[in-house]
Amino acid sequence: MTPVQCRMARAALDWGVLDLAKKAGISTQTIVRLERGDALKQPTLDRIRETFEGAGVAFIPENGGGPGVRLARRSDNV
């Protein structure tokens, strides 16, 4: 997950930094550090990514068009 993907995922979910921090159980400063490009420990990155994925975010890897995110299609058609 890149800093841009983190910001994009938050925007897609309409979450602020505080929302993500609370849901992931980490500090707001950790989110700020990630989004400005600071290195974080892998378990922290995993927790953030798992929080996004649990909320329906799918991460798109670099594939010639740049990394991105999208909201996963929900199985209940909502």
Side-chain angles (χ1 to χ4, degrees):
M1 177 177 48
T2 67
V4 170
Q5 283 177 307
C6 184
R7 290 190 301 271
M8 290 170 60
R10 284 195 309 101
L13 295 169
D14 195 26
W15 287 0
V17 171
L18 184 58
D19 298 311
L20 175 56
K22 283 182 179 180
K23 292 175 189 305
I26 58 178
S27 74
T28 56
Q29 276 306 104
T30 300
I31 304 300
V32 170
R33 287 179 35 235
L34 168 61
E35 291 186 354
R36 74 173 175 225
D38 292 353
L40 300 181
K41 294 179 180 175
Q42 192 60 49
T44 303
L45 289 172
D46 292 343
R47 182 183 291 183
I48 295 167
R49 185 177 180 121
E50 289 165 4
T51 300
F52 280 136
E53 289 173 340
V57 171
F59 289 87
I60 302 166
E62 172 70 50
N63 61 3
V69 300
R70 68 170 169 231
L71 292 177
R73 201 176 282 174
R74 293 182 60 167
S75 60
D76 60 0
N77 296 320
V78 174

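No experiment lies behind these values; they were computed from the predicted model shown. All residue numbers refer to positions in the sequence shown, counting from 1.
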Decide whether Ile60 and Met8 are clustered together by the hydrophobic rule: side chain heavy atoms of Ile, Leu, Val, Met, Phe, Trp, Tyr closer than 4.5 Å, transitively. no
Which heavy atom of [X] sits nearest a heavy atom of [Y], and at what distance?
X     : Y     : result
Cys6  : Phe52 : O-CZ, 3.8 Å
Arg33 : Leu40 : NH2-CD2, 3.2 Å
Gly37 : Pro3  : CA-CG, 3.8 Å
Leu71 : Leu13 : CD2-CD2, 3.8 Å
Gln5  : Thr2  : OE1-N, 2.9 Å

Are Ile48 and Ile31 side-chain neighbours, meaning at least one heavy-atom pair lies under 4.5 Å? yes
Can you tell me how far apart [atom1] ([X]) and [atom2] ([Y]) are? Round to the nearest 0.5 Å.
X     : Y     : atom1 : atom2 : value
Leu34 : Leu20 : CG    : CG    : 8.5 Å
Lys23 : Leu18 : NZ    : CG    : 10.0 Å
Lys41 : Asp46 : NZ    : CG    : 13.5 Å

Can you check whether Gly25's main-chain N or O pairs, donor with acceptor, with Arg47's side chain at less than 3.5 Å? yes
Any donor and acceptor pair, going by atom type alone, linking the side chain of Arg7 with main-chain N or O of Glu35 inside 3.5 Å? yes
For Asp38, does the CG atom sit with more than 12 other heavy atoms under 6.0 Å from it, leaving out its own atoms?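 It does: Asp38 CG has more than 12 such atoms within range.
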